[in-house]
*Asks:* 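Sharing a structure below in structure tokens format, with a few things to ask.
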Amino acid sequence: TGEPLTLDNLAGKKVAAMIGYSTDYILSAANYGLDIYRYDAYSDMQLALKFHRVDAIAMEMDEAYVFCRIEPDYKIALHAKNQIEYGYMFSSDRKEFLPEFNQFIQKFKKTEEYADLLRRVEASAYAPYQAKKVKNVVTTDRVLKVAAFDGWEPVSYINASTGEWEGADVELITHFANSLGAKVELIDMSWNQMLIELGSGLVDMMLCPDSLMLAKDLEMGGHITMSDPVFLKDIVLIVNKEEK
Amino acid sequence: MISIRNLSKSYGDNLILKDISVDIEDGAVIAIIGPSGCGKSTFIRCLNLLEQPDSGQIFIGAAEITKKGVNIDAVRQKLGMVFQSFNLFSHKTVLENVILAPMKVLKLSQEQAVRDALEYLEMVGIANRADHLPSQLSGGQKQRVAIARCLAMHPEVILFDEPTSALDPTMVDEVLSVIRKLVRSGLSCIIVTHEMNFAKNVATKVFYMDEKGIYESGTPSDIFERPQREKTKIFINKLKVFSGEYKLSEIDLYEILRQVTEYCLKYDMNKRETNKITLICEEYVTNLMKRRVSDERIAIFLRYNENDDSKEIMFKDNFSPENHFESPDFDEMSVLLIKGFTKSVEYRRENGQNVFELKL
Amino acid sequence: MISIRNLSKSYGDNLILKDISVDIEDGAVIAIIGPSGCGKSTFIRCLNLLEQPDSGQIFIGAAEITKKGVNIDAVRQKLGMVFQSFNLFSHKTVLENVILAPMKVLKLSQEQAVRDALEYLEMVGIANRADHLPSQLSGGQKQRVAIARCLAMHPEVILFDEPTSALDPTMVDEVLSVIRKLVRSGLSCIIVTHEMNFAKNVATKVFYMDEKGIYESGTPSDIFERPQREKTKIFINKLKVFSGEYKLSEIDLYEILRQVTEYCLKYDMNKRETNKITLICEEYVTNLMKRRVSDERIAIFLRYNENDDSKEIMFKDNFSPENHFESPDFDEMSVLLIKGFTKSVEYRRENGQNVFELKL
Amino acid sequence: MADFIQGIKDSVYLNLIYEDRYLFLIKGFGMTLYLTFMTFLLGTLIGALFCKLRLSKNSTVSKTVIWLKTLFIRLPTLVLLIIFTYLIFADTSIDTVTLAIFAFAIKTGSYICDIMYSAIETVDKGEIEAGRTLGMSSFMVFRLVVLPQAIKNALPVYKNQLIITMQETSLVGFLAINDLTRASQVITSRTMDPYLSIVITAVAYLLIGAVSGLLFRLADREKHLCRADFINK
Amino acid sequence: MADFIQGIKDSVYLNLIYEDRYLFLIKGFGMTLYLTFMTFLLGTLIGALFCKLRLSKNSTVSKTVIWLKTLFIRLPTLVLLIIFTYLIFADTSIDTVTLAIFAFAIKTGSYICDIMYSAIETVDKGEIEAGRTLGMSSFMVFRLVVLPQAIKNALPVYKNQLIITMQETSLVGFLAINDLTRASQVITSRTMDPYLSIVITAVAYLLIGAVSGLLFRLADREKHLCRADFINK
Ligand SMILES: Nc1ncnc2c1ncn2[C@@H]1O[C@H](COP(=O)(O)OP(=O)(O)OP(=O)(O)O)[C@@H](O)[C@H]1O
Ligand SMILES: Nc1ncnc2c1ncn2[C@@H]1O[C@H](COP(=O)(O)OP(=O)(O)OP(=O)(O)O)[C@@H](O)[C@H]1O
Ligand SMILES: [Mg+2]
Ligand SMILES: [Mg+2]
């Protein structure tokens, strides 16, 4: 209900965001005058929006595609921030992989595999994400421990029929590990658990990419270092479809 | 005056009180006595409607309190009650226990209530414990506080349900003397008690309860010295009764003698008396056994009055009318022996039976 | 034999038992009597170490049980105990109560234990209730089960701590008769009791406890018929004592008479006797008041023996030696009156005081 | 050692001082206190009401209440919260904090109903009868005789219930309310410093627990003081 | 109406049938049962141990235990879980499920310690003395006289504690253990249908509650049957 959302009338609007995600961080920092409501799960946010406890949900664009595809009652209302650079978080205690990753990503961005990845992510707005199985080729005894979320199409999820990890980030990280001959170990974790495991160096990196706008803040804490940019993403606001 | 008309009460299918009608005059002191479980508590609790009677009416003065819609709290103010288990409010001090109801029900000011309370506590001799909690008092002290608490509501009648039964013997007196004081001051009391001496000295009237009602009532001297009915006698005289009926054709003398001996020992008769009684029984039974014909039966009753230590033996049989002790068939030595051991032997014929009463 | 040497026990600063030494022979039946709170329970509980004595030794036979490292459970098997409050295991049936310890401690088989248990239950006359829970029994029945439970461990001595005090008067007998049975079978018992008649008939020896120890002991007839020491006399004869000391120069006759009257009423003397006693006191005091000089003091003692209903008055004063009743200063009418009211009047001089003993 | 201290200093700076993050925590602390207090107050009232109904002589009423409180106890609090927010009060404009309080209070009330009921059951029936025979109405007896004793009996369990309630309120994260737990999570996600804010949360909860324990004890003491006063008067 | 039913059909299909998602829920259900059962078992043991130590005559021991159980009760369970996983057992290779069970059990045990303690306190001291005078050792008396009665006294509260424990185990989501709650969350995040799995979760928890209630009641009955048997023998 009410007027359509624009960048100028966001003041005082209630917006839901996943706690600790880039959306939370970026919208908190932007001077829109929003009331941010921080949730633990997408389903919670969804209920809140459905029952008008909030005016909109903030998401990253690729999540939003999938969300609106599965639940046609919602639509993207507004791109609140465009073309933000995303990178991966590496534990400062174990950043042996970081320089190698930065080198790898520069090269990888130029490959067809990267372009294909982006295409398939775009396409996930209309049909389930078309995962491509990347075989983990292990030639050394190095192990890359990665904290990952289950249930997050198209970024990372466990395919219920095969029991295997799939998703854009999973493919990308496997390519990276293959470039080193390292073994990828994906560990399913809750968000709160990731904070601890990554912060205290129990895992090397976190599978979900975060906005590089967090980098300064995070790196000041001393436990995290962020990689070079990997993706560009928009932050969008989602509303109930019947609204203008 | 309290009038009770056709009061009945049962628990489930278990009829406890059956159709009781009785009047209790103002100023009367009623002692209710009777065996355990006969319904004394139930009766007294019906009076202030702690138990709802099944049928019947209770009048206090002219007012019927069993009528529907009667203000039960107002009724209860007139009827104080003192319980066996004291039932002091355990979270309140002695003084608070006494002033609570006067302040809340009679709406006395606190000063007034405290002044009154101290007076009553003084009267029951426990004013110096006013600030103690019930848990810090002995049983006797608790019961005296309970009485003071009850008095503070100025009841017209006080109902006591075995006020000393839960007390150590050494504390019984202090409570009884307080009750005596109340009685002397002219208050009506209805007292369920097992203290027979107390009942005898204090009551104006005694109710003996049994068989679901007031089995016998009268002045203390009537009930305690001249009880009329069988059960009252047994109760009052603390009669210890033995009875056995035997078919002569199947009789086992030694079993009978064993039973009699056990009875005697149970009530702590000394050896000589036990011997006497068993001998008498033995003589009597052996003599009759000789004459066994078809379905003769004999019965033996022993009665021991613990109060005056007297003992009585009664034999009954359904032989043809005959005073065996004067019959030629009865061994002469046996007769001599029995007569020697007893103070008196009486024979009578009753309900087609020969009855012999022997007093030891 | 149980020997107790210099047993002392206190709770905190409160000395309860002081230096008790006594021997108890095998087969003895000891009755312990005494006023409430004198330490009877504490004494008996020290015997099986339910209370740890502060000092002193206890020997059972030759073995010292107060020695360190002694196997207390083995000791306790020899000493059964029956409590005032029954203390049956409330979650177990009567039968289970009795078989528990034999099965677990004596390691009897279940069949054996059940067989024994039924025997003991039979003995206390309650075998038909074997499958009841304690909550379904009357007090007397509970206590009999407790006795059976105790017997099932074959103790050498049974300690009873007021086994009938928590019982309705109507149930006391059934328990006492069971105890009598035990005693008759030759078992040693130590019984704390308030049932004087029972103690008199059953005990081989009576301990009267007071002043933190065994104040007087002897055979039942010694203690109950010829008590030697003051406190024993007061206790045994249920003496109700009044005492007042007054300074003659400040005396308030009416206050004295009020006190005396109250005392008489408290113990339920009748009007005539109350009048007699107050009159005697009045005459005596008024006569002495006339002779007031400087710091004379008089004391009045009344003693009422509830057992034989006798009353005694004693006057003491610190005048110069003189039998007032024979003095010319004492009103002749008064002397006549006092002598008329009393059975005997005795005068003696004691500790610098004139002492008069008047028996009513 | 110096390193360690420097580490702690940095950590404190970043988690608390920088960008006034302590304000966030304090607000969260306040919210937790508010939620706990209100929930417990309302829960006590609901518990008392349930208990009263459960004691009712009408067996339909008492059975219904028993059934209801069992249901509320058995449903996870989160489910209750969802039912309240999105089913029962979906169309109202009641704010989420109030809704959350209400849902928690229903749950807490069900427990308190149990606590009160068994406390009341342990009050000696004889004292109630004694009160009635003194002419007090049944309500008077309840208020003056039963309740004070029941409260005394129930206090230890009731105290524990406060702690349970306090911890349960952290579920309001579901409704995106910034209580203590949530506040510390936000800070942690900003600094990725895993321990400090956990420590702070733990300390804060312990503190609330200790303070509430103390308050209960004071309340107890005050009663005693009152009594002494009254006697000396 | 037809729409509504079709909606439900779709919802059921998507949430349960498609990709065999019901398997996920069933596994979650199993995990919740397993966690609850193990936690409760271990918690009871820990509670018993704590209680035993608390009854110790050595006042240092008993005070320490009181202090500890208060601490465990006052710390939020999540904090306990974190402390266990990342502080105490950080360097061990114990699996997370075991760790979680241990953390929950400590918490549950602290509550059970309280429950047992007050149940034991209500057992008549006289019966204990009677047991001792029959020559039973203090342990025998405890096992044969005190414990059975304490258990009977404590049963209602103990039952409630089972429900509380069961609900508390849903915190294992923090360690990414797929119990019932997390399973339903994962499904929800796939299907974006928030209702059905909530309903299923609620029903499942109610079911567990009811079944456990039933089991307790059966256990009670069995005891009675035993007794009757024993007597008839
Ligand atoms: N609430 C009750 N429900 C069922 N039966 C009861 C109840 N109260 C008492 N009774 C039964 O009623 C009978 C009379 O009980 P009551 O207490 O009046 O006896 P009593 O004469 O006072 O005995 P006592 O001398 O032992 O106090 C007893 O057989 C008792 O079992
Ligand atoms: N556990 C205890 N702590 C402190 N004082 C106690 C304790 N037990 C008993 N007392 C005190 O010891 C004294 C003796 O108590 P005890 O129970 O032995 O007396 P008693 O002769 O058995 O009395 P009664 O005839 O009332 O049973 C009493 O003054 C009592 O107050
Ligand atoms: Mg009665
Ligand atoms: Mg004693």
Side-chain angles (χ1 to χ4, degrees), chain D residues 32 69-83 86-87 107 110-111 113-115 117-118 121-122 153 156-157 159-164 166-171 173-174 179-181 184-185 188 194-195 197-213, chain E residues 32 69-83 85-87 90 107 110-111 113-115 117-118 121-122 153-154 156-157 159-164 166-171 173 180-181 184-185 194-195 197-213:
Chain D
T32 292
K69 70 105 194 147
T70 311
L71 182 74
F72 291 142
I73 286 179
R74 287 198 181 156
L75 276 178
T77 316
L78 194 63
V79 173
L80 270 186
L81 201 59
I82 291 171
I83 292 175
Y86 297 125
L87 289 179
K107 182 92 176 181
S110 299
Y111 282 119
C113 166
D114 270 359
I115 294 170
Y117 184 78
S118 59
E121 284 290 287
T122 54
N153 294 342
V157 199
K159 271 190 230 173
N160 271 354
Q161 187 59 44
L162 177 65
I163 309 279
I164 294 175
M166 178 178 72
Q167 295 179 12
E168 208 148 63
T169 60
S170 72
L171 284 174
F174 170 77
D179 71 326
L180 187 57
T181 307
S184 78
Q185 271 176 25
T188 312
Y195 294 117
S197 71
I198 290 172
V199 170
I200 290 170
T201 319
V203 168
Y205 275 107
L206 284 181
L207 213 73
I208 305 184
V211 168
S212 72
Chain E
T32 293
K69 69 103 193 145
T70 311
L71 183 73
F72 290 143
I73 286 179
R74 287 197 181 157
L75 276 178
T77 316
L78 194 61
V79 173
L80 271 185
L81 197 60
I82 292 171
I83 291 175
T85 322
Y86 294 113
L87 289 179
K107 182 89 177 185
S110 300
Y111 281 119
C113 166
D114 269 0
I115 293 171
Y117 185 78
S118 60
E121 284 290 286
T122 55
N153 293 343
V157 200
K159 271 190 230 174
N160 271 354
Q161 188 59 43
L162 176 65
I163 309 279
I164 293 176
M166 178 179 69
Q167 295 179 12
E168 210 149 61
T169 60
S170 71
L171 285 174
L180 189 56
T181 306
S184 78
Q185 268 173 22
Y195 296 112
S197 69
I198 288 171
V199 170
I200 291 171
T201 319
V203 169
Y205 275 107
L206 282 181
L207 212 72
I208 304 184
V211 167
S212 74

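Numbered from 1 within each chain, the chains take letters A, B, ... in sequence-line order.
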*Asks:* Checking heavy atoms, do the side chain of E/K159, its backbone, both or neither come under 4.5 Å from chain D?
*Replies:* neither

*Asks:* Between E/Q167 (side chain only) and D/I73 (backbone N and O only), is there a donor and an acceptor less than 3.5 Å apart?
*Replies:*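 Yes, E/Q167 side chain to D/I73 backbone: donor-acceptor pair under 3.5 Å.
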
*Asks:* Let me know if D/L71 has heavy atoms under 4.5 Å from chain E in its side chain, its backbone, both or neither.
*Replies:*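 Answer is both: backbone and side chain atoms of D/L71 are under 4.5 Å from chain E.
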
*Asks:* Sort E/I163 into side chain, backbone, both or neither according to what part of it lies under 4.5 angstrom from a heavy atom of chain D.
*Replies:* side chain

*Asks:* So how far is it from D/T181 OG1 to E/L78 CG, rounded to the nearest 0.5 Å?
*Replies:*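 D/T181 atom OG1 to E/L78 atom CG measures 7.5 Å (nearest 0.5 Å).
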
*Asks:* Out of E/D114, E/L75, E/N160, E/V79, which one racks up the most heavy-atom pairs below 4.5 Å with chain D?
*Replies:* E/L75

*Asks:* Using a 4.5 angstrom heavy-atom cutoff, name the option from E/V199, E/I83, E/I82 with the most pairs to chain D.
*Replies:* E/I82

*Asks:* Under 4.5 Å from any heavy atom of chain E, what part of D/Y86 do you find: side chain, backbone, both or neither?
*Replies:* neither

*Asks:* Below 4.5 Å from any heavy atom of chain E, which atoms of D/T77 appear? Answer side chain, backbone, both or neither.
*Replies:* both

